[in-house]
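Naming: A, B, ... by sequence-line order, numbering from 1 per chain. All of these numbers come straight from a predicted model, not from anything done at the bench.
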Amino acid sequence: MTETTGVRARFCPSPTGTPHVGLIRTALFNWAFARHHGGTLVFRIEDTDAARDSQESYEQLLDGLRWLGIDWDEGPEKGGEYGPYRQSERREIYADIAARLLAAGELYEAYSTNEEVEERRKAAGQDPKLGYDNFDRDLTDEQRAAFVAEGRAPVLRLRMPAEDLAWTDLVRGDISFPAGSIPDPVLVRNNGEPLYTLTNPVDDALMRITHVLRGEDLLPSTPRQLALYQALRRIGVTDFTPEFGHLPTVLGEGTKKLSKRDPTSNLFNYRDRGFIREGLLNYLALLGWSIADDHDIFSVDELIAAFDIGKVSANPARFDLKKAEAINATHVRALSAEEFVTRVIPYLATGGVLPEQPSEEQLSKLRAIAPLVQERVTVLSDSVAMLRFLFIDEETFAPEEDAATKVLNPDAEPVLRSAIEVLEGLPKWETSAIEQALKDALVDGLGLKPRKAFAPVRVAITGRTVSPPLYESMELLGRDVSLGRLRRAVPQ
RNA sequence: GCUCCCAUCGUCCAGCGGCCUAGGACUCCGCCCUUUCAAGGCGGCAACGCGGGUUCGAAUCCCGUUGGGAGUACCA
């Protein structure tokens, strides 16, 4: 059924709005499917709706896909022998095919308005919601001429076959729609513009697409596509019909489909927060698929090696931010120290902690502390608050207000004084010595619980109650800066 | 309304007739490790919607029912 060579899958979004995680999940599965089978991934832009499509959205699509490393073999900015790959540049093709389909009687001109259709259904005692009634199928030349004389322009509708339309869905198995349950769909507007109903199957046929993997929301449109394919085959445009697989919907909270307006759906929110591609891709792949029954952390290569469209679940999947974050955190920790540094710098720059091109000194400090931060963050931007204390100007440094009021109270005074005293006399300023000295002075000397003893020191030094390990931080900060901060933190 | 799809822990996924007193992950809760915070280790709570069949045997197959979802556009 599924050949291992010659697979041509496609991803064909409309450039409306910001890339949506559900859309990306679809792209990912198509990509994994194509790569798994050593096939071709075609990237096509469906921008036939001028009112909603935008160039900005188009660029965001490319940007998002590139960030994630989802690459395509044919498509925008890449070309290919079946181009162009933007539907807005394929108008003549659709006009030509539509004309041939019309000439062959597969399409017919329809003049009925929605109001007229409703009237007729009501008059016949039918539910007006049933939709178009195929009234114009067998209009005579005279009738058509009369409508034209009225100034009407026809839409072009596809003559649906009088038979059940069925296919074996790659995800769901056998699916069948009864004959007559789908009204003849409009393929070309009365102003001559082609609709998705025409362009999508036509391009799939022309681009020799073998496998159509798309969202479940498109499942009800499959019967009319199948019908169009039959027509296309009859007029010789193609000689085969692709296989279809309908991927589960990605839901938001509750049972609603994740809406475009929900910030959870915006791909760039994840990038901005510091999700890494390995983590996001891993999580997205879990929305409807699993690699094994005993683990769910995997690399992109493992995904490609194991991906099986037949094992994709038919259930709708809910996007769970907590789990996405947990998976991301695991991938962040798996980064090499050097890689983590490279990737975190842009976030530190955005957060105002470091310049975009850090100095050698800043870099070496960052490298030293990076491994300690790396295992403490969920997303890369978490590093900003955690590292500010290390790079900030001494004049600007001040503990966070909450932390200060909570911890730097009068009780902290003896703790801090004692810490200062012992640290001033420390012969070697290094982690283990600092640790030993502070323990001796505060825990043994003052008889404090460790929790009590180190909290004020931590807040004084790092400005926060949660930070990278304290002694290492102090070593990196240096003796002068550390002591200065401790002195300034002593409650007056 | 009509057509179609879906139905296992709160969530995602495993299970494709006996291995299931249902497994993994996230979340949550304990404990251990750590004289901070994490990470890590161990353990716990928690599910086959309901009713009929088929079968020696059903979470797994069939029918019904209930519940959810999608479509029903001269959007995609």
Side-chain angles (χ1 to χ4, degrees), chain A residues 12-16 46-49 51-53 110 113-114 126-132 153-157 169 171-172 175-178 180-183 185-197 199-200 214-223 246 248-249 251 253-257 283 285-297 311 313-327 329-330 333 372-378 386 435 438-439 442-444 448-455 457-459 462 464-471 473:
Chain A
C12 48
S14 283
T16 59
E46 308 225 324
D47 53 352
T48 50
D49 186 354
R52 304 191 331 167
D53 301 322
T113 63
N114 290 156
Q126 296 169 334
D127 186 341
K129 284 186 177 151
L130 251 26
Y132 183 62
V155 296
L156 261 30
R157 288 186 185 266
D169 196 273
V171 173
R172 284 147 218 275
I175 296 179
S176 177
F177 284 68
S181 65
I182 299 164
V186 174
L187 266 46
V188 178
R189 282 177 161 157
N190 68 179
N191 65 2
E193 283 183 15
L195 256 16
Y196 162 82
T197 43
T199 62
N200 180 276
R214 33 130 73 153
E216 184 186 359
D217 51 329
L218 262 1
L219 190 148
S221 75
T222 305
H246 290 90
T249 313
L251 306 173
E253 290 299 316
T255 54
K256 297 173 296 290
K257 191 173 158 188
Y283 179 67
L286 255 16
L287 260 21
W289 185 75
S290 70
I291 196 165
D293 60 5
D294 61 348
H295 71 283
D296 54 17
I297 298 291
K311 294 203 68 178
S313 162
N315 308 8
R318 200 162 276 98
F319 192 97
D320 181 351
L321 185 58
K322 278 273 180 26
K323 180 149 183 174
E325 289 174 341
I327 301 252
T330 305
R333 271 177 247 123
L372 305 175
V373 174
Q374 187 175 357
E375 65 179 24
R376 256 155 263 256
V377 299
T378 298
M386 226 169 264
E435 175 175 2
L438 285 177
K439 281 179 183 169
L442 307 183
V443 180
D444 300 338
L448 289 171
K449 290 232 193 276
R451 217 187 160 69
K452 277 269 178 217
F454 293 103
V457 179
R458 175 180 302 278
V459 172
T462 70
R464 311 178 77 221
T465 51
V466 176
S467 75
L470 183 54
Y471 321 118
S473 299

At under 4.0 Å, does any side-chain N or O of [X] touch on OP1 or OP2 of [N]?
X         : N       : value
Arg189(A) : rC75(B) : yes
Arg318(A) : rG10(B) : no
Thr249(A) : rA70(B) : no
Lys311(A) : rG15(B) : yes
Asn315(A) : rG68(B) : no
Thr16(A)  : rC75(B) : no

Classify [X] by what it touches in the nucleic acid, base, sugar-phosphate, or nothing, heavy-atom distance under 4.0 Å.
X         : value
Val155(A) : base
Arg172(A) : sugar-phosphate
Thr48(A)  : sugar-phosphate
Gly215(A) : nothing
Asp127(A) : base
Arg464(A) : nothing
Pro178(A) : sugar-phosphate
Arg157(A) : sugar-phosphate

In whole angstrom, give the distance that lies between atom [atom1] of [X] and atom [atom2] of [N].
X         : N       : atom1 : atom2 : value
Asp293(A) : rA59(B) : CG    : P     : 19 Å
Leu218(A) : rC5(B)  : CG    : C1'   : 13 Å
Trp289(A) : rA25(B) : CH2   : P     : 17 Å

Taking a pair as Watson-Crick or G-U wobble with both distances under 3.5 Å, which nucleotide is matched to [N]?
N       : answer
rG43(B) : rC29(B)
rU54(B) : none
rC4(B)  : rG69(B)
rC12(B) : rG24(B)

Query raised in the report: In Å and rounded to the nearest 0.5 Å, what is the CG to CZ distance from Leu219(A) to Phe177(A)?
Result: 5.5 Å

Query raised in the report: Heavy-atom distance under 4.5 Å between the side chains of Pro468(A) and Met386(A), does that happen here?
Result: yes

Query - Asn190(A) (side chain) and rC74(B) (base): donor-acceptor pair under 3.5 Å - result: yes

Side chain of [X] only, heavy atoms from C-beta on: which candidate in [options] is closest?
X         : options                   : answer
Leu195(A) : rU27(B), rC74(B), rC4(B)  : rC74(B)
Phe177(A) : rU35(B), rC4(B), rA14(B)  : rC4(B)
Lys129(A) : rG71(B), rG1(B), rC13(B)  : rG1(B)
Lys323(A) : rC12(B), rG1(B), rC13(B)  : rC12(B)
Leu130(A) : rC26(B), rG24(B), rG1(B)  : rG1(B)
Ile175(A) : rC4(B), rU3(B), rA76(B)   : rC4(B)
Lys322(A) : rG40(B), rC26(B), rC75(B) : rC26(B)
Arg376(A) : rA38(B), rC12(B), rG40(B) : rA38(B)

**Report entry** Matching residue for Leu187(A) among Leu195(A), Thr197(A), Thr199(A) - test: side-chain contact (heavy atoms from CB on, under 4.5 Å)
**Finding:** Thr197(A)

Report task. Name the residue closer to the 5' end of RNA chain B, choosing between Ser467(A) and Ile327(A) according to the nucleotide with the nearest heavy atom. Result -> Ile327(A)

Report task. Please lay out, stage by stage, how Ile327(A) and Ile297(A) fare under the test side-chain contact (heavy atoms from CB on, under 4.5 Å). Result -> CA-CA 7 Å; Ile327(A) 301 252; Ile297(A) 298 291; 3.9 Å; yes

**Report entry** Residues His246(A), Arg214(A); criterion side chain to side chain donor-acceptor pair (under 3.5 Å); working and verdict
**Finding:** CA-CA 5 Å; His246(A) 290 90; Arg214(A) 33 130 73 153; 3.1 Å; yes

